[in-house]
**Student:** 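Would you mind keeping the following structure in view while I ask a few things?
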Amino acid sequence: MTDQAKDRVYIFDTTLRDGEQSPGATMTHDEKLEIAELLDDMGVDIIEAGFPIASEGDFRAVSEIAERSKNSVICGLARAQLNDIDRCWEAVKHANRPRIHTFIGTSPLHRAIPNLTMDEMAERIHDTVTHARNLCDNVQWSPMDATRTEHDYLCRVVEIAIKAGATTINIPDTVGYTAPVESAELIRMLIEKVPGADEIIFATHCHNDLGMATANSLAAVEAGARQIECTINGLGERAGNTALEEVVMALKVRGDIMPFETHIDTKKIMHISRRVATVSGFPVQYNKAIVGKNAFAHESGIHQDGMLKNKETFEIMRPEDVGLAGTSLPLGKHSGRAALRAKLKDLGVDVGDNQLKDIFVRFKDLADRKKEVFDEDILALVTAAMTDGADHLEIVSLKVVCGTGGPAEATLEMEVGGEEKSTVMEGDGPVDATFKAVRALYPNSARLQLYQVNAVTEGTDAQATVSVRLEEDGKIATGQSADTDTVYASAKAYVNALNRLHVRRSKTGSDQKEISYKDVG
């Protein structure tokens with residue numbers, strides 16, 4: 001490893017692969033392309049674009065991301081099988097900088113599933129990494145569940161992978177069991193004991209089951225790892241992964257004890273965080289580090305007084321550094337397009353004239369209903385404008401009557417495949433009546449798994465962001481919408497989810513194929 005590489009930490013984003021594996025977080029083809037473009041634009045070093053052999057849809061998405069990428073290395077995931085690796089290479093080979101990432105579970109628990117002996121697994125690692133290197137000069141290898149693998153055996157297989165041509169060795173804490181001191185000791189041990197370790201880059205991939213993913217990743221960097229695998233908002237299996245925004249800002253803020261470089265444009269963090277939350281259907285928790293709604297909020301009188309005198313008393317980073325405006329630009333119904341464009345620029349959002357026109361119409365409508373429009377309201381409007389489009393289902397009008405005198409009644413007009421239909425339905429409350437009306441006009445067997453309402457800002461005139469998750473025949477789809485009318489936002493979110501299910505039913509190759517251990521052997 002060169003002296004320059006020793007001071008550089010590479011950011012490997014797996015939002016489109018590990019992040020999308022979160023139940024219900026499946027993204028459409030266009031959404032994947034959009035997120036990949038945002039990641040590329042913000043300076044992510046390596047984008048793991050997907051698992052090409054998992055489905056035809058995943059293969060097409062990885063292939064198109066590879067063709068469209070400008071700066072980032074585009075990586076695909078492959079199991080330790082020759083056909084997996086071939087399929088991965090077919091997907092990434094047109095990238096300016098392609099990478100094959102192949103893996104196999106090396107812990108006793110994972111070796112037992114394909115029933116491989118240590119020697120048999122070692123031979124497979126040699127053969128598959130060699131095959132990958134013959135196709136691509138940038139090969140990453142991962143011993144899945146490395147942190148629960150015997151140290152002697154881990155050193156042995158890492159050495160085999162290096163000799164077979166791996167240029168990056170990733171050490172996954174697959175189940176999020178490790179503590180920071182163990183994470184550091186493991187990387188340090190591999191660097192000291194494995195021949196050739198000084199010629200490759202060690203990476204760390206930490207899950208957050210015990211809430212230590214970011215700490216474990218940074219500890220690994222302190223010990224010599226120079227690539228961090230992470231996702232936007234920490235999205236991922238179970239409790240998620242190391243969050244990109246957390247490690248990047250930690251390296252930036254604590255340069256005194258971690259003097260390492262990254263090339264991430266941090267001013268774009270907030271925008272991509274909100275966009276990923278929208279397309280995945282996973283809202284960001286209010287107290288989430290860096291990107292949560294309350295990350296730069298101060299309610300206590302003592303804190304407010306301190307902030308007025310010196311912002312550094314209660315803020316270790318500037319909100320501007322992650323794409324938030326330091327102070328709110330008041331916007332109301334008398335504001336014009338120029339003021340709105342300036343506000344969007346302050347928030348790190350660049351839009352074209354047509355997008356601005358759409359957002360401005362929504363903004364004027366909102367400003368007529370609210371005394372003050374906050375930054376969060378503006379970002380919600382951007383999300384709504386990007387989410388809406390020509391869908392199979394479109395709400396034309398909705399009127400709901402409810403109260404203590406009897407059941408709620410929803411009068412709904414909706415376009416279904418271009419045909420306008422209407423109905424009146426009763427229900428146990430306004431949302432129930434509305435959802436029944438949608439089902440009456442568009443019969444379906446989708447089961448409601450999640451209905452969640454969050455206020456974007458404070459006050460009775462706050463926009464409500466509604467998230468809906470539906471399940472139909474094993475397929476999961478999410479929808480999200482924001483409006484000052486909670487019932488209308490609920491209807492829009494429900495219809496958005498149904499539109500996604502409709503797309504998945506109508507497009508061949510869009511369903512995910514389940515990958516099981518029986519396929520590994």
**Student:** When Tyr494 is tested against each of Tyr451, Tyr442, Phe435 for ring-ring contact (aromatic ring centres under 6.0 Å, His included), which residue passes?
**Tutor:**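 When ring-ring contact (aromatic ring centres under 6.0 Å, His included) is applied between Tyr494 and each of Tyr451, Tyr442, Phe435, only Phe435 qualifies.
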
**Student:** Indicate whether the side chain of Thr14 and that of Glu48 have a donor and an acceptor atom separated by less than 3.5 Å.
**Tutor:**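 Yes, a side-chain donor-acceptor pair sits under 3.5 Å.
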
**Student:** Measure the spacing between CD of Glu56 and CZ of Arg60 and express it to the nearest 0.5 Å.
**Tutor:**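 Glu56 CD to Arg60 CZ: 6.0 Å, rounded to 0.5 Å.
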
**Student:** Any luck finding a side-chain donor-acceptor pair between Glu64 and His29 under 3.5 Å?
**Tutor:**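 Yes, because at least one side-chain N or O of Glu64 sits under 3.5 Å from a partner of the opposite role on His29.
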
**Student:** Is the closest basic N to carboxylate O distance between Lys268 and Asp41 below 4.0 Å?
**Tutor:**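 Here Lys268 pairs with Asp41 in a salt bridge, since their nearest N and O are under 4.0 Å apart.
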
**Student:** Considering non-hydrogen atoms only, spot the tightest contact between Ile171 and Ala146 and give its length.
**Tutor:**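 That would be CG2-CB, 3.7 Å.
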
**Student:** Before accepting this row, confirm whether a basic side-chain N of the pair Glu246/Lys288 lies closer than 4.0 Å to the acidic partner's carboxylate O.
**Tutor:**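 Yes.
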
**Student:** Can you confirm whether the side chains of His94 and Ser63 place a donor and an acceptor under 3.5 Å from each other?
**Tutor:**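 No, no side-chain donor-acceptor contact under 3.5 Å.
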
**Student:** His131 and Asp86: side-chain donor and acceptor closer than 3.5 Å?
**Tutor:**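 A pair is found: one side chain offers a donor N or O, the other an acceptor, under 3.5 Å apart.
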
**Student:** Taking Arg87 for the side chain and Ile53 for the main chain, is one N or O donor matched with an acceptor at less than 3.5 Å?
**Tutor:**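 Flag not set: sc Arg87 to bb Ile53 has no pair under 3.5 Å.
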
**Student:** Is it true that Gln452 and Gln480 share a donor-acceptor pair across their side chains at a distance under 3.5 Å?
**Tutor:**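 Side-chain D/A pair, Gln480 to Gln452: absent.
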
**Student:** Looking at every heavy atom in both Ala482 and Thr465, which two are closest together, and how far apart are they?
**Tutor:**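 Looking at all heavy atoms of both residues, the shortest contact is CB-OG1, 3.8 Å.
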
**Student:** CG of Leu39 to CD of Glu37: how many Å apart, nearest 0.5 Å?
**Tutor:**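 Going from CG on Leu39 over to CD on Glu37, the span is 10.5 Å.
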
**Student:** Judged by modelled atom types alone, do Thr178 and Asn216 share a side-chain donor-acceptor pair under 3.5 Å?
**Tutor:**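 On atom types as modelled, these side chains do not qualify, holding no pair under 3.5 Å.
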
**Student:** Under 3.5 Å, is there a donor-acceptor pair linking the side chains of Asp145 and Thr174?
**Tutor:**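 Short answer, no.
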
**Student:** Ring of Phe282, cation from Arg469 - is the NZ or CZ under 6.0 Å from the centre and inside 45° of the axis?
**Tutor:**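 Judged by the rule, Arg469 and Phe282 form a cation-pi pair.
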
**Student:** Salt-bridge test for Arg275 and Glu31: reply yes if a basic N is under 4.0 Å from a carboxylate O, no otherwise.
**Tutor:**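 Answer for the salt bridge query: no.
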
**Student:** Which atom pair, heavy atoms only, marks the closest approach of Val73 to Arg99?
**Tutor:**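 Minimum heavy-atom separation between Val73 and Arg99: CG1-CB, 3.6 Å.
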
**Student:** Please confirm whether the backbone N or O of Gly19 pairs with a side-chain atom of Thr231, one donor and one acceptor, at under 3.5 Å?
**Tutor:**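 The answer is no, because no donor-acceptor pair under 3.5 Å joins these two groups.
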
**Student:** Surrounding CG of Asp353 (heavy atoms of other residues, nucleotides or ligands, distance under 6.0 Å), is the total greater than 12?
**Tutor:**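 It does not: Asp353 CG has 12 such atoms or fewer within range.
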
**Student:** Looking at Asp173 and Arg148, is any side-chain nitrogen of the basic one under 4.0 Å from a carboxylate oxygen of the acidic one?
**Tutor:**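 Answer for the salt bridge query: no.
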
**Student:** On a heavy-atom basis, which atom in Ser69 and which in Asn96 lie closest, and how many Å separate them?
**Tutor:**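 Nearest pair, atom of Ser69 first, then Asn96: O-ND2, 3.5 Å.
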
**Student:** Any side-chain donor paired with an acceptor under 3.5 Å for His205 and Asn241?
**Tutor:**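 Yes, side-chain donor-acceptor contact under 3.5 Å.
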
**Student:** Going by distance alone, is a donor N or O of one side chain under 3.5 Å from an acceptor N or O of the other, for Thr15 and Asp13?
**Tutor:**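 A donor-acceptor contact under 3.5 Å links the two side chains.
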
**Student:** Rounded at 0.5 Å granularity, tell me how far CG in Asn208 sits from OG in Ser217.
**Tutor:**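 That separation rounds to 9.0 Å.
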
